[in-house]
Amino acid sequence: MTIEAILKEDIKKAILKNFEVVADDIILQPTKKEFEGFYTFVTFSLSKAARRAPAEIGQIIGADLQENSSVVSHFNVVQGFLNLSLSDVTWRNLFSDIESAPVFGTFPSNGQSVMVEFSSPNTNKPLHLGHLRNNFLGDSLSRILKASGYDVIKTCLVNDRGIHICKSMLAYRELGNGETPESSGLKGDHLAGKYYVQFDKEYKAQIKQLVAEGLTEEVAGKKAPWMLEAQRLLVLWENGDKETVDLWNKMNGWVYDGFRQTYDKIGVSFDKTYYESNTYLLGKDIIEEGLQNGVFFKKEDNSVWIDLKEEGLDEKLVLRSDGTSVYITQDLGTTELKNSDFHNNRYLWVVGNEQDYHFKVLFAILKRLGRTYAEGCYHISYGMVDLPSGKMKSREGTVVDADELVSQMIQTAATRTQELGKIDDFQSEEAVRLYDQLALGALKYFLLKVDPKKRMLFNPEESIDFQGHTGPFIQYTYARIRSIIRKAEQAELAGSIPSETYEMHAAERELIFALSQYPNRVAAAANEFAPSVISLYAFELAKTYNQFYAEVSIFSDPNPEAVKFRIALSKVVSETIHHALELLGIEVPERM
RNA sequence: GGUUUCGUAGCUCAAUUGGAUAGAGCACCUGACUACGGAUCAGGAGGUUUGGGGUUCGAAUCCCUACGAGACCA
């Protein structure tokens, strides 16, 4: 039983005994720093039932706990707040439990499985900053869910077909001169992206030309030769035209090669990849099924709709009058496919909040269709990433390229490390690895520390900051502890749990308390689908350790029991930081 | 036009889901044993939580309203 559970039990008993009131839901909160104590019980809401003043209730329960609870040592009451302090033996036992846990912060299997879909790139251009937030969130969430007991399958749905791909193909065919990633020295995804931009340039020129000839902007946009040709390519592709499919395969192959390099660099991987080219025709049989049982209805022009007004949504098109699919049709089909492939209990989609409405509709339709798995479907909606200059717009070239950003960060990490001169050899394998760890640590932490639901600002200057509330700050704390552990090993000092009479230093209690919060936070992060919970925790823990480190001396304390205890404490903190950062997909260095 | 999300220190973010005098980091100022790693620590300054009203023991959080920003549906 956790300390918190014991306290709640004891408080419940005290309430029943003193006021003859049955309180079923005891809520404890951490005591604010300016007050003494670690756990606070708020008594205001009991006031009516117990017919006493809040402060009086606090006094009575506090006195009862001090007398009867096995863990409470003393208490104080401020207004309706009962602040509880724990005895040193309790702290000692608590630490002993934490220290002996097999993997602290990891929960046993809950027998449930979850599929997390994320990343889901288009193959017509390279990944950018927005994708990074998506990838880091999806990757971290997968790790968190796994740690909290789920069986996790990471998936990626690649948008590898459609008009946008045909645009790149067309521009390449016309302007490429047989260029390849090898001949140009460009990463494959960047090469494809280059021709996508070329298409846009030429297309705009054609529109301008047509407008000059007297067409309206709108008509010109539809009649521009390259637009017509791109559409023709799409039809050719759909009909399996060999030449078109060959070109498509060739260019997509380059793109996948480029993506793989990026994924490797940022440490992201998938268990299963779906390709839209294989799934875009799915979903039509579901439309048929829905028509049969009256979930969908046909309009005069033969288009198929669903009326979701009851759900507070609108009428939604699910099949066009010409019988072609819309996005939602494909998603219905793909979800059905996922479920028949894996039979998971839950399905998550990490997709930007611009698609909130889309997913509401998707889930509502699945429910109408009687799909039982619909209950386990969640849209992990995250906010857009803005730049100091405003929104990222590919048309205006304000998009921050992922590869470029990462290599700049690595450069900064190298420079910073060399300036500080803390490691011996700046060229060694370990050093190069360190630069990667610091760069990605900074970048991932920067993007993961904010509540996913909120839109956030990417400030390039702050993102390469290695001080304060950053990934490298936490990594530094880890490296410093590792240095202590090495020193202890050299001195043949093993960490150990102190005796029951050991008097704790305040900094030690703080540290044990911080450690004890970890499993709760992992559970909360999993429940709320929010890696930021772990990010903030890792920072708090590192800060608490640094305070401890500044306040007590580890090796030169005259009491050998204290020395050994502090070594043990340090070790557990380093392991917990390691574990927490791992849940964020961030590596830890031995030295930095 | 309809639907929806958001607005917290100069800047970037928190606030345990309705609890105490709203907390961190950056930037700014002051300090830290002849130091177990100073990428650290201690302290200072910085707020009418966009404005206004309401609900109650208690509101950044819930309701209404105005203003401002974003997204979606055509």
Side-chain angles (χ1 to χ4, degrees), chain A residues 4 27-35 39-48 53-54 77-83 312-317 352-361 381 383-384 386 388 390-391 413 416-417 419-423 438 441-442 446 449-451 453-459 461-463 465-488 490-491 493 507 517 520-521 524 527-528 532-533 535-537 539-540 542-543 545-557 563 566-567 570 589 591-592:
Chain A
E4 229 164 292
I27 296 169
L28 286 176
Q29 48 186 321
T31 304
K32 290 227 169 199
K33 273 215 175 135
E34 61 259 43
F35 300 100
Y39 293 93
T40 294
F41 176 64
V42 184
T43 62
F44 290 102
S45 54
L46 264 179
S47 191
K48 278 170 224 152
V77 176
V78 182
Q79 296 164 35
F81 299 89
L82 169 60
N83 302 322
L313 304 164
D314 217 332
E315 285 188 355
K316 178 76 188 175
L317 177 77
N353 64 11
E354 54 202 348
Q355 298 203 39
D356 285 355
Y357 185 75
H358 175 82
F359 279 99
K360 272 186 197 160
V361 171
S381 168
M384 299 288 102
D386 287 330
K391 292 184 62 183
R416 202 67 53 91
T417 304
E419 278 167 7
L420 287 169
K422 288 213 193 171
I423 56 173
L438 290 177
F446 190 84
K449 74 176 174 185
V450 182
D451 182 339
K453 290 193 290 297
K454 296 193 174 169
R455 88 186 279 123
M456 66 173 290
L457 189 99
F458 183 82
N459 187 325
E461 281 162 33
E462 274 179 38
S463 69
D465 220 327
F466 289 179
Q467 289 164 1
H469 190 184
T470 66
F473 170 92
I474 304 167
Q475 289 171 316
Y476 171 77
T477 306
Y478 178 83
R480 202 162 61 167
I481 299 176
R482 289 300 302 158
S483 163
I484 287 165
I485 306 290
R486 283 193 297 271
K487 185 175 170 179
Q490 267 174 8
L493 279 166
Q517 295 303 302
N520 285 342
R521 301 297 186 92
N527 282 332
E528 295 163 31
S532 59
V533 171
S535 309
L536 297 177
Y537 174 78
F539 177 63
E540 275 170 35
K543 219 167 40 157
Y545 184 83
N546 287 338
Q547 285 161 359
F548 161 85
Y549 179 88
E551 211 168 313
V552 307
S553 170
I554 294 174
F555 291 110
S556 55
D557 195 289
V563 173
R566 287 167 191 170
I567 290 169
S570 298
R591 299 176 179 78
M592 63 183 273

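Computation of the quantities below employed the complete heavy-atom set of this structure, encompassing side-chain atoms and omitting hydrogens, waters and symmetry-equivalent molecules. Residue numbers begin at 1 in each chain, while the letters A, B, ... track the order of the sequences.
A:F44 comes within 4.0 angstrom of a nucleotide base, judged by non-hydrogen atoms across all strands. Counting non-hydrogen atoms under 4.0 angstrom, A:E528 reaches a base of the nucleic acid. Residue A:T417 is classed as a base contact, given a heavy-atom separation below 4.0 Å to a base. Within 4.0 Å of A:R591, counting heavy atoms only, lies at least one base atom of the nucleic acid. Residue contacts for A:V552: at a heavy-atom cut-off of 4.0 Å it reaches a base atom on one of the strands shown. Using a 4.0 Å heavy-atom cutoff across all strands shown, A:F555 reaches at least one base atom of the nucleic acid. Residue A:L438 is classed as a base contact, given a heavy-atom separation below 4.0 Å to a base. Nucleic acid contact class of A:A479 (heavy atoms, under 4.0 Å, all strands): base.
Base pairing in RNA chain B gives the following stems of 3 or more Watson-Crick or G-U pairs, range against range and under 3.5 Å: B:1-7 with B:67-73, B:10-13 with B:23-26, B:28-32 with B:40-44, B:50-54 with B:62-66.
By the salt bridge (charged side-chain N to carboxylate O under 4.0 Å, His left out) test, A:D314 is found to be paired with no residue, residues two or more places apart in sequence or in another chain being considered.
Inspection of the A:R455 and A:N353 side chains reveals no N or O donor paired with an N or O acceptor under 3.5 Å. A side-chain donor-acceptor contact under 3.5 Å links A:T40 and A:N83. In this model, no donor atom of one side chain and acceptor atom of the other lie less than 3.5 Å apart for A:S532 and A:D451.
If you measure from atom NZ of A:K32 to atom P of B:A24, you get 10 Å, rounded to the nearest angstrom. Atom CZ in A:F473 sits about 11 Å away from atom C1' in B:A24, given to the nearest Å. Here the P atom of nucleotide B:C13 and the NE2 atom of A:H469 are 12 Å apart, to the nearest Å. What separates CG of A:L536 from C1' of B:A15 is a distance of 10 Å, to the nearest Å. In this structure, the OH atom of A:Y357 is 22 Å from the P atom of B:G70, given to the nearest Å. In this structure, CZ of A:F539 is placed 6 Å from C1' of B:A24, rounded to the nearest angstrom. In this structure, the CZ atom of A:F548 is 14 Å from the P atom of B:C41, given to the nearest Å. For the pair A:K360 NZ and B:C72 C1', the interatomic distance rounds to 9 Å; values are reported in whole Å.
No donor-acceptor distance shorter than 3.5 angstrom exists from the side chain of A:T43 to the backbone of A:L46, with no hydrogens or angles considered. Remark: the backbone N or O of A:R591 is not paired with any side-chain donor or acceptor of A:R482 at under 3.5 angstrom.
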query = With the sugar-phosphate defined as primed atoms, P, OP1 and OP2, and the base as all remaining atoms, what B/S/- string results for nucleotides 5-11 of chain B, 5' to 3', for protein heavy atoms under 4.0 Å?
reply = -------
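Note that A:K449 lies outside the cation-pi zone of A:F539, set by a 6.0 Å cut-off to the ring centre and a 45° limit from the axis. Remark: A:R416 is positioned above the aromatic ring of A:F466, its terminal NZ or CZ atom under 6.0 angstrom from the ring centre and at most 45 degrees off the axis.
For A:T40 against B:A20, a side-chain-to-base donor-acceptor contact under 3.5 Å is present. On a pure distance criterion of 3.5 Å, no polar donor-acceptor pair joins the side chain of A:D386 and the base of B:A69.
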query = Stepwise, does the ring pair (Phe, Tyr, Trp, His ring centres under 6.0 Å) test hold for A:F81 with A:F35?
reply = CA-CA 10 Å; A:F81 299 89; A:F35 300 100; 7.7 Å; no
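In terms of position along RNA chain B, the nucleotide closest to A:V450 lies nearer the 5' end than the nucleotide closest to the other residue of the pair A:V450 and A:Q29. Taking the nucleotide of RNA chain B with the nearest heavy atom to each of A:Y549 and A:I27, the more 5' of the two is matched to A:I27.
Comparing B:G25 with B:G1, their P atoms are spaced 45 Å from each other, to the whole Å.
Electrostatic pairing of A:R521 and A:E528 does not count as a salt bridge here, judged by no charged N lying under 4.0 Å from a carboxylate O.
Side chains of A:Y545 and A:I481 form a contact here, defined as non-hydrogen atoms less than 4.5 Å apart.
Annotated as syn: B:U17, whose O4'-C1'-N torsion sits within 90° of 0.
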